[in-house]
Amino acid sequence: MRRHPESIDRSGMDTIEDPVDELKVTPPKTWAAGVPAVAHAMGYSLSQTSPRRTLLTLLNINQTKGFDCPGCAWPEPDHRHATEYCENGAKHINDEATSRRVTREFFAEHSVAELDTRSDYWLNQQGRLTEPMIKRPGATHYEPIDWDVALDLIADELSVLDTPDRAMFYTSGRLNNEAAFLLQLFARALGTNNLPDCSNMCHESSGSALQETIGVGKGSVSLEDIYQADLIFVIGQNPGTNHPRMLSALERTKRNGGRVIAVNPLPEAGLIRFKNPQQPSGVIGRGTAIADEFLQIRPGGDLALFQLLNQLLLEAEDRAPGTVLDHEFIAAHTSGFEAFATHARTIDGAEALAATGLDRALIDRVLERVLASRRIIVCWAMGLTQHKHGVPTIRELVNFLLLRGNLGRPGAGVCSVRGHSNVQGDRTMGIWEQMPQEFLDALGREFDFTPPTTHGLDSVNAIRAMRDGQASVFVGVAGNFVRATPDSAVTEAALRRCRLTVQISTKLNRSHTVCGETALILPTLGRSDKDIQATGLQFVTVEDSMSQIHASRGRLTPASPHLLSEVAIICRLAARTLGDRFSIPWKEFEADYAAIRDSISRVVRGFDDFNERIAVPGGFRLPNPVNAHLYQTPSGTAVFTCNQFTSLEPPPGHLVLQSLRSHDQWNTIPYAMDDRYRGIHGARRVVLVNPDDLAQLGLLDRQLVDIVSVWHDGIERRAPEFRVVGYPTPPGSAAAYYPETNVLVPLDSVADISNTPTSKGVIVRLEPLAPPDR
Ligand SMILES: Nc1nc2c(c(=O)[nH]1)N[C@H]1C(S)=C(S)[C@@H](COP(=O)(O)OP(=O)(O)OC[C@H]3O[C@@H](n4cnc5c(=O)[nH]c(N)nc54)[C@H](O)[C@@H]3O)O[C@H]1N2
Ligand SMILES: Nc1nc2c(c(=O)[nH]1)N[C@H]1C(S)=C(S)[C@@H](COP(=O)(O)OP(=O)(O)OC[C@H]3O[C@@H](n4cnc5c(=O)[nH]c(N)nc54)[C@H](O)[C@@H]3O)O[C@H]1N2
Ligand code: SF4
Ligand SMILES: [Mo]
């Protein structure tokens, strides 16, 4: 069934169809960006909206008077170009600025059941949501509902819960600071810390490891540090796709004489060579070689790599005492060195080397580069955090940096490269199920109440609670919980068990089709939309991956006159739910976001005079105490840790599967079926496997297989009908796209300590279906 054309403003755009797999494979690219990137960005933008609106978005994105790119959290340099964005940033913003609309006629035409058969791509391509909709118990379709009635309904449901802990409030890192602050305030005033967020599935392992070892769960470096570093490790991340402008920064590092070591199971294009489309040499020349060494590591081998490097550093120090380690730094700023050194010496070097899958000669070259470098930065993303041993791996890389004093001085430090544009800010604002008591006390003082102290549910525990009937109201803001989470079958059943699910969203996604008995869709303004409230035009604030806080001002006419801002929705819902039980000025907050920032300045550390400081173009940077050698750990020092050696060994006939992003998607939302840097075109249900493994498993290139994951609960998890594609993955490992493979990740397969799903380390077997039809 197809929607009739009147229901949307197509502006000459193509008809939207569910994609059909038409796989074409070309050799993986050895360089990223360049002129094709500009063409692809324009192509996608113009498929979504008019040239005028495209121009307006591109003139305002990442400009001090415009809006923050809703893509990743990579920071903007102090001196901005007129075009301070990448191909993917342009796609993200125009995916939001689209002229397509989802109207009440659309919902009348398509039942929820029918929408649920549609692909994630198709749902997103329908365009922006335009008015509040409700699916009532037993109903087959969503129907329009007034804002007031919808908010009253939610308030009633929340008010009758026997405990507020039966409700939960999920957010993604797209939410701005002001709305995030109000959301956590609402949840805590209601009486619960149930604030699961996308961070739980993202950089939680980084937060856990950094908090424990250096006393703050954030990266310590600035862009200036990146430019000044002698040596940068880029580990477990694919910047050419996921943080494209990081390549411009690395290009500058290299021009300054710095070196880059890439550690990744896949030879990602951007790590090899980068053609900067903003520089003449990037348009016509060969671009800049980024990685000086490429360590094609076995999945999960990074802990072993750092244990080995640390052992070798200790041995080098033994051979030439006083020349390798920074004894002064270790004595002044750290604790636990002796125990760590004793433990590090016991690691079986041969076993560790085997776990990395690397040549000893390569490790020795890396060691030489380390010894020749005074200033070292380690950058990382999901390739480290989404493994069972993500937390010990990050603790071990902190050990590595501490040994030579690579913390708290220019050009050195930790750089957890964050995902969503404001994911770091949301945490700063209190979106965390286990905020420290100091924050809760400050919040309680500001609003004269006692916030709950029992830790709330994170994302995995939220699913367990819904599955087991212990939670029944789910409110999601700015994300797509059902597709972001693991064990899709379990998660979907859990959400369907809820009495009420509410999604505050800009665009249609799977979390609207997999819903509770009663379901609400509340449409909201996006980053690029003008936000006008009772006191006039508002702006919001965000924090990037390097702790820079700055303003973001929407410039476009909102997608529909019926949209409310996230701040307005939360204020109105909170006022209705809490009544006059608290003296929180919800109305004032809605009318004037500066009033929210005033409260933030009294509650959140580092935000004094928030309104004055945010008025400065480009904003201000939150100091990281580590850079003043202040370590907020129990000992007041940075902490060396002893980590048990582990590696990921698939049983015979099995592979370690990682689920990752293609070049043409934003998290759970595919924009197209292509992943051009990896040479995959026209299909997403593909699994990349080393040709030797294919031969050993008796599979042919392009053969159709089911991917079946193996877990000790014995439950069969199956992702049907994927094409195998021979690809230079390390032997014994495979890669396939998220979210299609989330069904394979068992809910209980989580990283130790951080509880992050192990999306990069799933043990699978491939079951052949039919020989390839070539
Ligand atoms: N265009 C675009 N940009 C994005 C996003 C998006 O979806 N699309 N998402 C945003 C978000 S929320 C996030 S969190 C970031 C994610 O940014 P990334 O972390 O770059 O994202 P992934 O695609 O998950 O890629 C993981 C990388 O880790 C590597 N890897 C996997 N296992 C291992 C391992 O064991 N060891 C090592 N060393 N490497 C490994 C993979 O080969 C891959 O290169 O991107 C952000 N930016
Ligand atoms: N298997 C596997 N699973 C993973 C990962 C993986 O690598 N592998 N990565 C994990 C990671 S790192 C993350 S961060 C999560 C991402 O998970 P989420 O953050 O939950 O998912 P997104 O796809 O970013 O959410 C997209 C939806 O956000 C809504 N949206 C967009 N902009 C706005 C806005 O301005 N306001 C509001 N209210 N709504 C908006 C739109 O409706 C859109 O459909 O997924 C995790 N899941
Ligand atoms: S690097 Fe990230 S923040 Fe910058 S324009 Fe690209 S997607 Fe947007
Ligand atoms: Mo993320």
Side-chain angles (χ1 to χ4, degrees), residues 41 58 61-62 67-76 83-93 95-96 120 123-124 128-129 170-176 179 196-204 239 241-249 381-383 385-386 417-423 459 476-488 503-512 521-529 540 542 544-545 554 563 565-566 569 657-661 665-670 736-745 756-760 762:
L58 297 183
I61 186 169
N62 288 338
F67 42 78
D68 183 53
C69 172
C72 77
W74 190 256
E76 282 75 54
T83 50
E84 205 53 72
Y85 58 88
C86 68
E87 169 196 348
N88 279 346
K91 290 193 291 198
H92 303 322
I93 195 65
D95 189 71
E96 174 178 298
D120 299 307
L123 294 173
N124 177 61
R128 288 287 295 273
L129 297 161
Y170 171 76
T171 49
S172 90
R174 249 210 203 180
L175 201 60
N176 56 67
D197 69 349
C198 70
S199 239
N200 298 143
M201 296 170 279
C202 187
H203 265 292
E204 197 69 61
T241 287
N242 296 318
H243 305 92
R245 283 183 320 140
M246 181 177 180
L247 297 181
S248 321
M382 298 303 101
T385 62
Q386 296 177 338
V417 182
R418 305 299 307 257
H420 271 287
S421 52
N422 194 40
V423 64
S459 292
V477 193
N480 183 7
F481 186 80
V482 78
R483 286 305 259 165
T485 41
D487 229 343
S488 309
Q503 301 292 344
I504 301 176
S505 321
T506 50
K507 299 189 77 180
L508 197 60
N509 65 40
R510 186 74 51 211
S511 298
H512 305 124
I521 301 177
L522 304 182
T524 188
L525 299 177
R527 252 324 138 66
S528 51
D529 294 322
V540 294
V542 292
D544 65 32
S545 202
L563 302 185
S565 73
E566 284 141 339
I569 298 172
L657 176 84
Q658 64 151 318
S659 57
L660 41 52
R661 294 156 171 79
Q665 74 183 79
W666 174 257
N667 292 327
T668 62
I669 309 293
Y737 301 123
Y738 132 76
E740 287 83 347
T741 46
N742 289 35
V743 62
L744 297 169
V745 187
T756 295
T758 60
S759 310
K760 297 289 187 276
V762 187

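For ligands, and for the atoms within them, numbers begin at 1 and follow the listed sequence.
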Return the option from His203, Gln386, His92 holding the heavy atom at the smallest distance from atom 6 (C) of ligand 2.
Gln386
Thr756 and Glu204 side chains, donor-acceptor separation under 3.5 Å:
no
List the closest protein heavy-atom neighbour of atom 23 (O) of ligand 2: residue, atom name, distance to the nearest 0.1 Å.
Thr668 OG1, 2.5 Å
Are the side chains of His243 and Arg418 in contact, using a 4.5 Å heavy-atom criterion?
no
Just to confirm my output: which protein heavy-atom neighbour is closest to atom 38 (N) of ligand 2, and how far is it?
Glu566 OE2, 2.8 Å
Element-labelled atoms of ligand 2 that are located less than 4.0 Å from some non-hydrogen atom of Cys198
14 (S), 19 (O)
Judging by distance only, is a nitrogen or oxygen of Tyr738 under 3.5 angstrom from one on ligand 2?
yes
Under 4.0 angstrom from ligand 2, any heavy atom of Leu660?
no
Should you measure from each heavy atom of Lys760, which atoms of ligand 2 turn up under 4.0 Å away?
7 (O)
Would Arg483 count as a contact of ligand 2 if the rule is a heavy atom under 4.0 Å away?
no
Side chain proximity check, Met382 to Cys202, heavy atoms < 4.5 angstrom:
yes
For atom 2 (Fe) of ligand 3, find the nearest protein heavy atom and state the residue, atom name and distance (0.1 Å precision).
Cys72 SG, 2.3 Å
For the 3.5 Å polar cut-off, considering only N or O atoms, please tell me whether His512 and ligand 2 meet it.
no
For atom 6 (Fe) of ligand 3, which protein heavy atom lies nearest, and how many Å away is it?
Cys86 SG, 2.3 Å
For atom 8 (N) of ligand 2, the closest protein heavy atom turns out to be Ser659 OG, 3.0 Å
Taking 4.0 angstrom as the limit and counting only heavy atoms of Tyr85, give me the atoms of ligand 3 inside it, by number and element.
5 (S)
Which residue and atom name correspond to the protein heavy atom nearest atom 11 (C) of ligand 2, and how close is it?
Arg661 NH2, 3.4 Å
Presence of salt bridge, Asp529 and Arg128, under 4.0 angstrom
yes
Ile504 N/O to ligand 2 N/O under 3.5 Å
yes
Between the side chains of Glu76 and Arg245, is the shortest nitrogen-to-carboxylate-oxygen separation below 4.0 Å, so that they form an ion pair?
yes
Can you check whether Glu566 reaches Leu525 side chain to side chain, under 4.5 Å on heavy atoms?
no
Mind checking whether Thr506 has an N or O less than 3.5 Å away from an N or O of ligand 2?
yes
Looking at atom 46 (C) of ligand 2, what's its closest protein heavy atom, distance included?
Ala484 O, 3.3 Å
For ligand 2, which atoms sit closer than 4.0 Å to a heavy atom of Ile669?
44 (O)
Whether the Lys760 and Gln386 side chains hold a donor-acceptor pair (N or O, under 3.5 Å, no angle test) is what I'd like checked.
yes
Nearest non-hydrogen protein atom to atom 42 (O) of ligand 2, with distance, is Lys507 O, 2.8 Å
Counting backbone and side-chain atoms alike, is an N, O or S atom of Cys69 positioned under 2.8 Å from atom 6 (Fe) of ligand 3?
no
Side-chain touch Pro70/Glu96, heavy atoms, less than 4.5 angstrom
yes
Please check whether Ala478 reaches ligand 2 - meaning an N/O of the residue sits under 3.5 Å from an N/O of the ligand, judged on distance alone.
yes
Residue, atom name and distance, where the atom is the protein heavy atom closest to atom 18 (P) of ligand 2:
Tyr170 OH, 3.5 Å
Has ligand 2 got any nitrogen or oxygen that is less than 3.5 angstrom from a nitrogen or oxygen of Asn509?
yes
Using distance alone, with no hydrogens and no angle criterion, decide if Asn667 and Arg661 have a side-chain donor and acceptor under 3.5 Å apart.
yes
From the list Thr668, Asn742, Asp120, side-chain hydrogen bond (donor to acceptor under 3.5 Å, both in side chains) with Arg483 holds only for Asp120
Measure the shortest side-chain to side-chain distance between Asp544 and Ser421 over non-hydrogen atoms and say whether it is less than 4.5 angstrom.
no
Using distance alone, decide if ligand 2 has a nitrogen or oxygen within less than 3.5 Å of any nitrogen or oxygen in Thr485.
no
Residue pair Ser505, His512: steps toward the side-chain contact (heavy atoms from CB on, under 4.5 Å) verdict
CA-CA 9 Å; Ser505 321; His512 305 124; 2.8 Å; yes
Quick one: does Phe67's side chain get under 4.5 Å of Ile61's, heavy atoms only?
yes
Any Tyr170 side-chain heavy atom under 4.5 Å of Ser459 side chain:
yes
Subset of ligand 2 atoms that lie under 4.0 Å from at least one heavy atom of Trp666:
23 (O), 24 (O)
Using a strict cut-off of 4.0 Å, indicate which atoms of ligand 3 neighbour a heavy atom of Asn62.
4 (Fe), 5 (S)
Out of all atoms in ligand 3, which are within 4.0 Å of some heavy atom of Arg245? Include the element for each.
1 (S), 4 (Fe), 5 (S)
Answer yes or no: is there an ion pair linking Lys507 with Asp95, defined by an N-O contact shorter than 4.0 Å?
yes
Would Asp197 and Thr171 count as having a side-chain donor-acceptor pair, cut-off 3.5 Å?
no
re atom 21 (O) of ligand 2, the protein heavy-atom contact at minimum distance is Asn480 N, 3.6 Å
Please check whether His420 reaches ligand 2 - meaning an N/O of the residue sits under 3.5 Å from an N/O of the ligand, judged on distance alone.
yes
Using distance alone, with no hydrogens and no angle criterion, decide if Arg174 and Thr506 have a side-chain donor and acceptor under 3.5 Å apart.
no
